[in-house]
**Student:** 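Quick one: structure below, then a few questions.
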Amino acid sequence: MGNCGQSINFFSEFEKEYQNIKSINSDDILIASKVISLIERESKKLFKWLKKHKFNSPDEEIYFFKDLKPIFISKLIYYKAILNIETNLPTSRKNKIKFYEEELNAIQEYTIKNKKFYEYYRARASYKDSVYFLRSVEKNILKRDCSLINYDLRLCTTHDYSMATMIANDILTNYLENKIEELERNGSNANRTTNQTLNWTGNKIDLVELIYALHLSKKINNGYTDIKELATNLGKMFNLDLEDNIYRWYIDIKNRKTVRSKFINQLSEGLENHLLQEE
């Protein structure tokens, strides 16, 4: 890697390898192990480059330490947590739920302990970016976290790891809540013989339009979920295979001659008309 543009290419190539691991494996523990190995290998390349690299501007450095590096490191934090959780999971359904709930409580405790920065992260604020996401040239222990005396300040800022932890905790919370919901659902459905499914009965392109709208709204995992991952999960929910075609459908939406957000407008109009009829 040479300039910051090449570092962005680094993260793009990493993302391809990461997605490939997830696509060819289904076991949570196996995925976690492989992703951790990948990150530990690739991080050596990244940190070797970072030790020598000088950013062209403060904004470029902030972008790297607020966005690029935290998303990369968040995956390491997340998958190490998954590995620890799943390899220590109790056997009974009741104890599994309790175990997952304890992990959720630990995340909540971390959030409370770091309430000030959590609010900054949640608000997607930027007014303290120059404090949080620019590297310092000296280790001033009077003004900084004492633990940073052990860090190589060429590789980190005061809050890039905290940012990565917040991102990982968001994704981990979603994972744990889904696991609890799945266990509770399996328990309540144990004596049922029927299995109801949800099927998307509209056009595929309409669902793709909805998926992009949800993704761009940043209302799912705070905007950090990949569009392809979101399409895969919603496709499974509605028994549709969207993964290979989502970008083609998106191009078709962009190339519409009149209203491009046609389906979203139909949803809005349908709700508005219903509300008016009930007045």
Side-chain angles (χ1 to χ4, degrees), residues 11-35 38 71-72 74-75 78-79 81-82 85-86 100 104 167-189 192-256 258-271:
F11 291 116
S12 297
E13 290 302 313
F14 163 78
E15 188 66 24
K16 289 178 185 176
E17 289 191 60
Y18 165 63
Q19 293 296 338
N20 183 57
I21 290 172
K22 293 208 301 178
S23 67
I24 62 177
N25 298 282
S26 57
D27 180 74
D28 289 333
I29 294 175
L30 185 59
I31 291 173
S33 298
K34 290 191 173 185
V35 172
L38 171 65
I71 291 174
F72 175 69
S74 72
K75 290 180 171 62
Y78 171 74
Y79 282 105
I82 294 295
I85 290 167
E86 295 301 331
Y100 286 138
L104 282 173
I167 296 169
N169 282 349
D170 272 354
I171 304 170
L172 185 59
T173 296
N174 187 59
Y175 174 89
L176 294 167
E177 287 176 345
N178 285 339
K179 286 290 186 180
I180 292 170
E181 184 180 337
E182 182 182 329
L183 288 166
E184 290 176 339
R185 185 170 61 246
N186 290 343
S188 63
N189 292 340
R192 295 184 185 180
T193 57
T194 58
N195 184 25
Q196 295 181 338
T197 58
L198 297 174
N199 293 297
W200 183 265
T201 53
N203 296 324
K204 280 188 177 181
I205 196 169
D206 291 341
L207 181 55
V208 171
E209 185 180 324
L210 178 61
I211 289 168
Y212 268 92
L214 289 170
H215 176 66
L216 295 171
S217 74
K218 301 186 186 299
K219 301 301 181 187
I220 297 176
N221 287 343
N222 213 35
Y224 291 109
T225 299
D226 179 75
I227 184 70
K228 200 170 183 181
E229 186 175 353
L230 183 59
T232 300
N233 283 297
L234 287 178
K236 286 178 181 177
M237 179 188 296
F238 294 121
N239 294 309
L240 284 178
D241 183 10
L242 297 172
E243 189 173 346
D244 294 332
N245 297 318
I246 186 165
Y247 298 116
R248 179 171 62 81
W249 290 118
Y250 178 67
I251 295 300
D252 289 345
I253 292 170
K254 283 184 69 176
N255 290 335
R256 284 173 177 166
T258 54
V259 179
R260 289 190 280 192
S261 56
K262 181 171 64 174
F263 181 61
I264 301 300
N265 289 356
Q266 288 174 1
L267 293 177
S268 178
E269 289 171 6
L271 176 60

**Student:** If I compare all heavy atoms of Ser74 with all of Ala168, which pair ends up nearest, and what's the gap?
**Tutor:** O-CB, 3.4 Å

**Student:** Hey, does Asn239 have a side-chain heavy atom less than 4.5 Å from the side chain of Leu198?
**Tutor:** no

**Student:** Leu240 versus Leu234: any side-chain heavy-atom pair under 4.5 Å?
**Tutor:** no

**Student:** So Leu172 and Ile82, do their side chains get closer than 4.5 Å, heavy atoms only?
**Tutor:** yes

**Student:** Please identify each residue that fulfils side chain to side chain contact (heavy atoms under 4.5 Å, CB included) with Asn255, with sequence neighbours left out.
**Tutor:** Ile251

**Student:** Taking Asp27 for its side chain and Ile29 for its backbone only, find out whether a donor-acceptor pair lies under 3.5 Å.
**Tutor:** yes

**Student:** Answer yes or no: is there an ion pair linking Glu184 with Lys179, defined by an N-O contact shorter than 4.0 Å?
**Tutor:** no

**Student:** Could you give the distance from CG (Leu104) to CG (Leu176), rounded to the nearest 0.5 Å?
**Tutor:** 4.5 Å

**Student:** With a 4.0 Å cut-off on N to O distance, would you call Glu229 and Lys22 a salt bridge?
**Tutor:** yes

**Student:** With rounding to the nearest 0.5 Å, note down the distance linking CG in Asp226 to OG1 in Thr232.
**Tutor:** 8.5 Å

**Student:** If you define the side chain from C-beta out and look only at heavy atoms, does anything of Tyr18 sit under 4.5 Å from Glu15?
**Tutor:** yes

**Student:** Rounded to the nearest 0.5 Å, how far does CD1 of Ile24 lie from CG of Asn20?
**Tutor:** 4.5 Å

**Student:** Between the main-chain N or O of Lys254 and the side-chain N or O of Arg260, is there a donor-acceptor pair closer than 3.5 Å?
**Tutor:** yes

**Student:** Can you confirm whether Leu210 sits close enough to Phe263 that some side-chain heavy atom of one is under 4.5 Å from a side-chain heavy atom of the other?
**Tutor:** yes

**Student:** Walk me through whether Leu207 and Phe238 qualify under side-chain contact (heavy atoms from CB on, under 4.5 Å).
**Tutor:** CA-CA 10 Å; Leu207 181 55; Phe238 294 121; 4.2 Å; yes

**Student:** Pick one: which of Tyr78, Phe72, Tyr224 meets side-chain contact (heavy atoms from CB on, under 4.5 Å) with Ile167?
**Tutor:** Tyr224

**Student:** In plain terms, say whether Glu182 and Arg185 are close enough for a salt bridge, that is, a side-chain N and a carboxylate O under 4.0 Å apart.
**Tutor:** no

**Student:** Indicate the atoms forming the closest heavy-atom contact of Ile264 with Ala213, along with that distance.
**Tutor:** CD1-CB, 3.8 Å

**Student:** Checking side-chain contact (heavy atoms from CB on, under 4.5 Å) for the pair Ile71/Phe11: CA distance, chi angles, key distance, verdict?
**Tutor:** CA-CA 9 Å; Ile71 291 174; Phe11 291 116; over 6 Å; no

**Student:** Report yes or no: does Ser268 contribute a side-chain atom to a donor-acceptor pair with the main-chain N or O of Asn265 at less than 3.5 Å?
**Tutor:** no

**Student:** Between Arg256 and Glu209, is there a side-chain N and carboxylate O pair less than 4.0 Å apart?
**Tutor:** yes

**Student:** Using the side-chain hydrogen bond (donor to acceptor under 3.5 Å, both in side chains) rule, take Asn221 and Asp170 through it: C-alpha gap first, then chi angles, then the decisive distance, then the call.
**Tutor:** CA-CA 6 Å; Asn221 287 343; Asp170 272 354; over 6 Å; no

**Student:** Between atom OG of Ser23 and atom NZ of Lys228, what is the distance when rounded to the nearest 0.5 Å?
**Tutor:** 8.0 Å

**Student:** Using the ring of each side chain (for Trp, its six-membered ring), is Tyr212 parallel, tilted or perpendicular to His215, with breaks at 30° and 60°?
**Tutor:** perpendicular

**Student:** Rounded to the nearest 0.5 Å, how far apart are OH of Tyr175 and CD1 of Ile85?
**Tutor:** 7.0 Å

**Student:** With rounding to the nearest 0.5 Å, note down the distance linking CG in Asn233 to CG in Asn174.
**Tutor:** 8.5 Å

**Student:** Whether the side chain of Asp252 engages the backbone of Ile205 through a donor-acceptor N/O pair (distance < 3.5 Å, no angle test) should be reported.
**Tutor:** no

**Student:** Taking the side chain as everything from C-beta on, heavy atoms only, tell me whether Leu214 gets closer than 4.5 Å to Lys219.
**Tutor:** no

**Student:** Tell me, do Lys75 and Ile171 make a side-chain contact under 4.5 Å, heavy atoms counted?
**Tutor:** no

